[in-house]
Every structure is written in C-alpha cells, then in structure tokens.
Trainee: 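Before I ask anything, here is the structure I am working with.
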Amino acid sequence: MDKREIAHVLRVIARMLEIKGEEAFKVRAYERAAESIERTSLQLEELAREGRLHEIPGIGKNLEPKVREMVLSGHSSFLEKLMTEIPKGLLEVMQVPGIGPKTARLLFDTLGVKDLEDLEKAVLNHEIQKIPGLGPRREAMIAEGLLEVKKYSGRVTLGLAFPFAEHLIAAFRDKGIEGQVVGEVRRCLETVSSIDLLLAVRGDPTRALLRSGLQPFASEELLCQAWRAEDEVFVFNTSLGVRLRLYAVSPEDFGLKMFWLSGPREHLEWMVRLAVRRGYDFNPSGLFRESRKIEIPQEADLYGILGLPPIPPEVRHRLDLCELARSGERISLVDVDDIKGDLHIHTTWSDGVAGIEEMVRKARALGYKYVAITDHATRVKLINGLDPDRVLAQREEIRRISSRYPEIAVLSGVEVDILKDGSLCLPDEILSRLDIVIASIHQDIGDLRGDLAERLLRAIENPNVDVIGHPTGRLIGRRAGKSAGLEEVFEAAARRGTLMEINASPDRIDLSEDMALQAYRSGVKMIISSDAHSPEGMEDMRFGVLASAKRAGLPSAAIVNTQDLSKWFPVKRASS
DNA sequence: GCCGTTTTCGGCCCGACTGTTTTCAGTCG
C-alpha cells in the first residue's frame, strides 16, 4: 500500500472505532496518523523494514505494527478483524446527514441496518421514527439525505482514484511495463466506479505481471482468481472500495484499446459513425479498410486517420465540441499548466496545518506567480477563525514573509463566513483593507428553510467581496448543495464583476462541471482554487481544473487565475 | 492512541443547534 491508501484505511478504521463507541481521542489518533502519513516525505517501506515508523509523528507503539503490516504486506488484519464486528456498509450509512456513529449503531442494534439498502427499507416502512430518541423529523431528514448518498454509493472521488492510478502506472513503468490510465479516471469524472489501467504487454499478460514482481500482482494464485476471461481483464478489489481493472494489450494495438476503454459510450458511437462515413469498418477489434487492419499504436493516430485532432478525454462526452473539432474549429480548453496562482488557501492561523511561509514555498514550487493567504473568519469555534485584530496582525506577518520571496506575489486575504442573514462576519472597514476577500457559506447549509441564493446575493452586493467560495455548498456523496436561484446569483455576479469559485477540493468540486458551464454562459468570471489546508492540498488544484472547468469545455480565458495578476487584479486597496 | 512532562498520567479542538425531550444526547463544522 502507498501512503494515500494507508491513510484511507486508517480513516476507515477511525470510523469503525467510532461506531464501536471507542473514545473520541482514540478515534482522533487514527485520523491524525492518517494525516501525518499523507504529509510525510519519508520513505515508508524503508522505515517499515528498519522498524523506524515511529519517527512519523502520530505513530506510536500501538500504531507502528499496524502500519508496518500495511506497508509490507498490503493489508490490515486489524481492519479485517473490525469488519467482522462492524458491517462495512454502516460507513455509507454514516455518510447520511443526521446519522453519526451513535445513530448508526442504534439503527444497527435495533433494526439490524447494515447498509444503505437496509436503511432505505427502514425509511420506507417508517420504522425509524418508532425508535425511542428518534422521531418523524429525523426520519424525514434521513430519507432526504439517503437519496444523495445512494447516488454515490460504490464510487470514490477522483481525489482518491487519480493518485492511486498514477502511482500504479509509475510503479509498472519502473518495472519496464508501459501503461496508461483509461476509463472514468482518465475522463476525470468527479467520482468513479472503477480504476481502469491499460498495460502494453507482449505475450501472456499473467507472465508479464508475475515478472513485474509488484504486489499484489506477483502471486500466480491471486492472478488466476482475478482473471475474467470473457473480458480479458484482471479485476482486483482495492482498499479504496472500488475495483481495479488491469487490461493488457500488445503494443501495436495499444492506441486502439486505449480509445475503446476510455469511453464514454456516446463518444465511441460518434467515432464509429464517423469512421463508417469515411469508408472504414470500425469495432473494438480494430479499424479496417477493405478488410485490412490498420495498426494503431498511439491513440492520437486513430484521430489523425479519421481527420480529427486528438480530442481530450475530459470532453469526449461533449459531442457538440467533438462536432466543432470535426469541422476544423480549434477548441481551446483550460488545463492544469495554465494556472498561475492559488487564491484560496489556509494556514495555522486558522485550521490549516502549515504556516504561511511553508505554504508560500509550496506555491513557489508549483511554479505559481501569486498566492493568496485566505484564512477563515468564522463563528464556528472549533476553527480558530480570525477576528479583526488577528486579520490585521496576519497582514503584517504576510508582508514580512512576502519580502523574502520576491519571485512570487503573496496576497493578504480572508475567507469570511456569510451569516444566516447574508451579512458577513467581519466589518467592512477590515475587509476593505485586504487584497482579496472570499465570502463563503459554512453554517446552516442543511437548513431547508434558509434561502441560500438570498444570502449569496446579499454578499455579492458588498463591494468588498471579490469571490464567492464553493457557491452551492455541496459535499460529494453527502450533501447535494443548493442550486435553486443560482441563475440570479450568476447574473448579479456577472453584473458586479464578482468572481465565482470552482473549489477544487475533491470532496467538493463546487462549482461542478454543469454549474461552471452555466456560470460561463451567464458571463461570470471564475477562479479555480485548491482551498488547501496543507502544502500537499495545493496539488488538488488539478481536480478543479480537470473535473469541472475542462470537462465543462471552458477556455482558459474564463478562469481569472490563468492570467497574470496585473491583468485582472484591481490593486484596489493595496496601499491602505 | 499519542505525546510530553512540572516525565508514566492527564490532556488532547469547542460550542451552537436540533429534535427529542421535559433536561439532554447527538451531530455538525
């Protein structure tokens, strides 16, 4: 297991311990260990072999052997033991808003609810409101939340799947096997139901995998179990909870297979129709001209033969764009390399884990020309939000640090909460002295009676507000977010020049692809930002670019932080 | 379960809100 998988497993264990009723600090310890492992730059395998894993903060004498087992053997017997006590499906049940560990346990003990399916039955039979301590309101809340959670059941976010796939491809390359990510991950869907990889292999794929020596592909027995002859693919269960599918093909047909495995279906059918019109016979076994098969080692070759530029996988579902490409029009799409700065990050001044300087260094390492420090100003006590005094103190600190990094502009900003009545939780006098103000809703999102659009409109009317952060407030697989009334919000934002954020945090992707397209069509300018709470978190930027903006077909001109700072930034208050 | 010590125990990130109660547990951010 690599770092991210181990972190994921530790978090799963934390949830299970919570359901078991273990004390909160113990649960917290597992979560901290997960964060710590994700963040460390140390080599886990080396540490594990030398018995030095305790050098990672948060790994003590109890966690050390558990983590060592994961690093060296690729599984966790502790997790396996927990799963015999706590059904894994309860973790999905706990995703439903209003169901925490206690209620999940209660539902399990009283109604035998083990998974979402059981929960749905209980809701339909109105059994939940009969449980002492719960009632009709709770049942209604669960019924509503269940719909959203069910939609994403069996899927994981791109934030988990993408690095997992990349890591495996790199590992195969190290062993001399070339491969590519295909399927949903390649198209950068915000959540995926499987991780699909294609390997270029001569001869017997089983032999090639065995020769690679990679875990868990080096066991003949496991490979035999994993082989699905009808689809010619190895299928493995991953620690992430979705299937890993390994396809293998000879190098001559690599491009062909890559195309067919990347999808989506509507694009494949569109290409077949085009090929037929151009006098070819095209099906998954090959592209044929007068019964002669044409070799397609690279996927781009296929597009070239059919007279097309290569169509990026992220927009293959957009047949309107495919048609434009066919007519010879150049399609310009925003991409990860276009991003010149991150305008939404957190530090230890609020709930981030790294200081200002560490975050600035990371921004510089990413090649950014500017970065904005935007810690929370909030009434949520758990988050150490900035009050007016600390806002100003931080601004001084940022100036001091900034002077040491002349190659990158460091902006002083804030992410200020939009309160229930649409007012902001910092006075205008303070906001007006900052370089950038992001206004976001964090509280009372679940409140059906609160009108989210009203609150956003009021925030947009405030001249100090530059950006609306994660506008719909959705959390993927948990909370749908509010899109009612957003047309009006977009119109107001376009009129006033207020920017809308595409929040790239993989649990949010907010604005989503559809919403970003709608915003673009309303004439709204957007920023894409990581909302990072750690240096590593800044790498999430790509998920916002790929899963939302690029899939929406947006050009880089629609995204303000693809431009130089001087081009758009009003420098309205820098001197105050 | 980790950590640091005024060093082997006690602290670790808190408080509002809600639906259920009739005084509070559970969830959320």
Side-chain angles (χ1 to χ4, degrees), chain A residues 9-11 13-37 39-40 53-68 76 78-79 82 90 93-110 128-145 149 346 348-353 375-385 387 415-420 425 440-450 469-470 473-475 478-479 481 503 505 507-508 510 531 533:
Chain A
V9 169
L10 287 172
R11 291 196 175 101
I13 291 174
R15 295 282 81 75
M16 293 200 153
L17 293 176
E18 234 180 348
I19 298 175
K20 272 189 75 178
E22 295 282 0
E23 65 163 323
F25 290 116
K26 189 169 173 177
V27 174
R28 232 359 235 144
Y30 278 84
E31 281 167 356
R32 287 159 93 117
E35 278 165 34
S36 187
I37 284 183
R39 275 173 59 72
T40 187
L53 281 168
H54 58 266
E55 287 177 21
I56 299 170
I59 309 286
K61 64 177 192 324
N62 263 295
L63 274 168
E64 162 129 38
K66 291 179 179 129
V67 173
R68 189 192 312 131
S76 165
F78 184 57
L79 175 64
L82 281 175
L90 277 187
V93 168
M94 227 172 34
Q95 285 289 101
V96 177
I99 301 184
K102 297 281 158 52
T103 310
R105 185 67 203 231
L106 183 63
L107 291 170
F108 177 54
D109 288 341
T110 53
I128 291 174
Q129 52 177 296
K130 293 179 204 148
I131 300 174
L134 306 179
R137 301 286 292 270
R138 268 309 261 300
E139 186 174 276
M141 186 180 179
I142 289 170
E144 196 207 324
V149 177
H346 298 272
T348 44
W349 280 72
S350 61
D351 60 346
V353 300
D375 276 304
H376 290 282
T378 177
R379 291 198 182 153
V380 177
K381 283 290 182 293
L382 174 66
I383 293 162
N384 183 24
D387 58 20
E415 181 184 18
V416 61
D417 271 15
I418 302 172
L419 303 174
K420 211 162 185 172
C425 98
S440 312
I441 293 182
H442 285 111
Q443 291 131 67
D444 314 306
I445 299 173
D447 185 357
L448 289 169
R449 288 153 293 185
H470 43 75
R474 78 170 178 152
L475 287 174
R478 216 173 140 70
R479 191 167 70 200
N503 189 295
S505 167
D507 294 327
R508 290 191 183 271
D510 183 14
D531 195 1
H533 288 68

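Every chain is numbered from 1, with letters handed out A, B, ... down the list of sequences. For clarity, every value in this text was computed on a predicted model and none was experimentally measured.
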Trainee: Tell me: CG of A/Leu17 to P of B/dC2, nearest whole Å?
Mentor: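 Between P of B/dC2 and CG of A/Leu17: 12 Å.
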Trainee: Between B/dG19 and B/dC9, how far apart are the two P atoms, rounded to whole Å?
Mentor: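 That atom pair is separated by 45 Å.
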Trainee: Between B/dT7 and B/dC17, how far apart are the C1' atoms? Round to whole Å, please.
Mentor: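 41 Å, rounded to whole Å.
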Trainee: Please report the distance separating the P of B/dG10 from the corresponding atom of B/dA16, rounded so that it comes out in whole Å.
Mentor: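 Pairwise P distance, B/dG10 against B/dA16, rounds to 29 Å.
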Trainee: For A/Arg379 and A/Leu419, run side-chain contact (heavy atoms from CB on, under 4.5 Å): C-alpha distance rounded to whole Å, both residues' side-chain angles, the deciding distance at 0.1 Å, then the answer.
Mentor: CA-CA 9 Å; A/Arg379 291 198 182 153; A/Leu419 303 174; 3.4 Å; yes
Trainee: Please state the P separation for the pair B/dG26 and B/dT20 - nearest whole angstrom.
Mentor: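 These two P atoms come out 14 Å apart once rounded.
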Trainee: Find which nucleotide of DNA chain B each of A/Pro97 and A/Gly133 is nearest to by heavy atoms, and output the residue with the more 5' nucleotide.
Mentor: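 It is A/Gly133, whose closest nucleotide lies nearer the 5' terminus.
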Trainee: What integer number of Å spans the C1' atoms of B/dT18 and B/dC3?
Mentor: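 It comes out at 36 Å once rounded to the nearest Å.
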Trainee: In whole Å, what separates the P atom of B/dT5 from that of B/dG1?
Mentor: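 Pairwise P distance, B/dT5 against B/dG1, rounds to 23 Å.
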Trainee: Taking only the side-chain nitrogens and oxygens of A/Lys66, find out if one of them lies under 4.0 Å from OP1 or OP2 of B/dG1.
Mentor: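 Affirmative; the distance criterion is met.
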Trainee: Which one is paired to B/dT8, where only Watson-Crick or G-U wobble pairs with both distances under 3.5 angstrom count?
Mentor: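 No nucleotide pairs with B/dT8.
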Trainee: Starting at NE2 of A/His442 and ending at C1' of B/dA16, how long is that distance when rounded to a whole Å?
Mentor: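 It is 16 Å, rounded to the nearest whole Å.
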Trainee: Rounded off to whole Å, could you give me the CG-to-C1' distance for the A/Asp531 and B/dG29 pair?
Mentor: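 To the nearest whole Å, that distance equals 13 Å.
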Trainee: NA contact type, A/Leu134, heavy-atom cut-off 4.0 Å: base, sugar-phosphate, or nothing?
Mentor: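 Sugar-phosphate, backbone atoms only, no base.
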Trainee: So A/Glu22, base contact, sugar-phosphate only, or nothing? Heavy-atom distance under 4.0 Å.
Mentor: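 Nothing: the residue A/Glu22, judged by heavy atoms under 4.0 Å, touches no strand.
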Trainee: Is the phosphate of B/dC14 approached by A/Arg379 (side-chain N or O, under 4.0 Å from OP1 or OP2)?
Mentor: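 Looking at the OP1 and OP2 atoms of B/dC14, neither is under 4.0 Å from any side-chain N or O of A/Arg379.
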Trainee: Atom NZ of A/Lys26 to atom P of B/dC3: distance rounded to whole Å?
Mentor: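 It is 16 Å, rounded to the nearest whole Å.
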Trainee: So if I take every side-chain heavy atom of A/Arg32 and compare against B/dT27, B/dG1, B/dC13, which nucleotide ends up nearest?
Mentor: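 Within the option list, the nearest is B/dC13.
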Trainee: Consider side chain to side chain donor-acceptor pair (under 3.5 Å). Of A/Asn384, A/Thr378, A/Asp375, which one does A/Ser350 pass it with?
Mentor: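 It is A/Asp375; the other options fail the test.
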Trainee: Quick check on B/dC17: is either OP1 or OP2 less than 4.0 Å from any side-chain nitrogen or oxygen of A/Arg137?
Mentor: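 A/Arg137 to B/dC17 OP1/OP2: no side-chain N or O under 4.0 Å.
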Trainee: Given atom CG of A/Leu106 and atom P of B/dT20, what is their separation to the nearest angstrom?
Mentor: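 The answer, rounded to whole Å, is 13 Å.
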Trainee: With a 4.0 Å cut-off on heavy atoms, is A/Pro136 in touch with a base, just the backbone sugar-phosphate, or nothing at all?
Mentor: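 It contacts sugar-phosphate atoms only.
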Trainee: Taking the side chain as every heavy atom from C-beta outward, state whether A/His470 and A/Glu415 have any pair of such atoms under 4.5 Å apart.
Mentor: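 Sidechains of A/Glu415 and A/His470: in contact.
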Trainee: With respect to the phosphate group of B/dC13, does any side-chain polar atom (N or O) of A/Asn384 fall under 4.0 Å of OP1 or OP2?
Mentor: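 Answer is no, no contact under 4.0 Å.
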Trainee: With rounding to the closest Å, how many angstrom separate the C1' atoms on B/dT6 and B/dG11?
Mentor: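 The answer is 14 Å between these two C1' atoms.
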Trainee: Step by step, work out the side-chain contact (heavy atoms from CB on, under 4.5 Å) result for A/Lys66 and A/Ile13.
Mentor: CA-CA 11 Å; A/Lys66 291 179 179 129; A/Ile13 291 174; 5.8 Å; no
Trainee: Quantified in whole Å, what is the C1' atom distance between nucleotide B/dG4 and nucleotide B/dT8?
Mentor: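 Going atom to atom, C1' in each nucleotide, I get 10 Å.
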Trainee: Within this structure, what is the CE-to-P distance between A/Met141 and B/dC28, rounded to whole angstrom?
Mentor: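 Interatomic distance, CE of A/Met141 to P of B/dC28: 6 Å.
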Trainee: In whole angstrom, what separates A/Leu10's CG from B/dG1's C1'?
Mentor: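 In whole Å, B/dG1 C1' and A/Leu10 CG are 12 Å from each other.
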Trainee: To the side chain of A/Leu63, which of B/dG26, B/dC2, B/dC13 is closest?
Mentor: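 From the listed options, B/dC2 comes nearest.
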Trainee: Measuring from atom CD of A/Glu31 to atom CZ of A/Arg11, what distance do you get when rounded to the nearest 0.5 angstrom?
Mentor: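 Answer rounded to 0.5 Å: 7.5 Å.
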Trainee: Measure from CZ on A/Arg105 to P on B/dT27 and round the result to the nearest Å.
Mentor: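 So the two atoms are 13 Å apart, to the nearest Å.
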Trainee: Can you tell me which nucleotide in B/dG1, B/dG29, B/dT20 comes closest to the side chain of A/Tyr30?
Mentor: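 Minimum distance to the A/Tyr30 side chain belongs to B/dG1.
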Trainee: If you pin A/Arg478 and A/Lys381 to their nearest nucleotides in DNA chain B, which one's is more 5'?
Mentor: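 The residue closer to the strand's 5' end, by nearest nucleotide, is A/Lys381.
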Trainee: If you only use heavy atoms from C-beta on, which nucleotide in B/dG1, B/dC13, B/dT20 is closest to the side chain of A/Arg28?
Mentor: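 Looking only at side-chain atoms, A/Arg28 lies closest to B/dC13.
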Trainee: Within a strict 4.5 Å, meaning less than it, do heavy atoms of the A/Leu82 and A/Leu17 side chains meet?
Mentor: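 In short, these two side chains touch, coming nearer than 4.5 Å.
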Trainee: Quick one: do A/Lys61 and A/Glu64 make a salt bridge, cutoff under 4.0 Å?
Mentor: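 Between A/Glu64 and A/Lys61 there is no salt bridge, as every charged N stays at least 4.0 Å from the carboxylate O atoms.
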Trainee: Does A/Thr103 put a side-chain nitrogen or oxygen below 4.0 Å from OP1 or OP2 of B/dT27?
Mentor: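 Yes, within the criterion.
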Trainee: Stacking between B/dC12 and A/Phe25, yes or no? Criterion: centroid separation under 5.5 angstrom, plane angle under 30 degrees.
Mentor: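 Check passed, A/Phe25 stacks on base of B/dC12.
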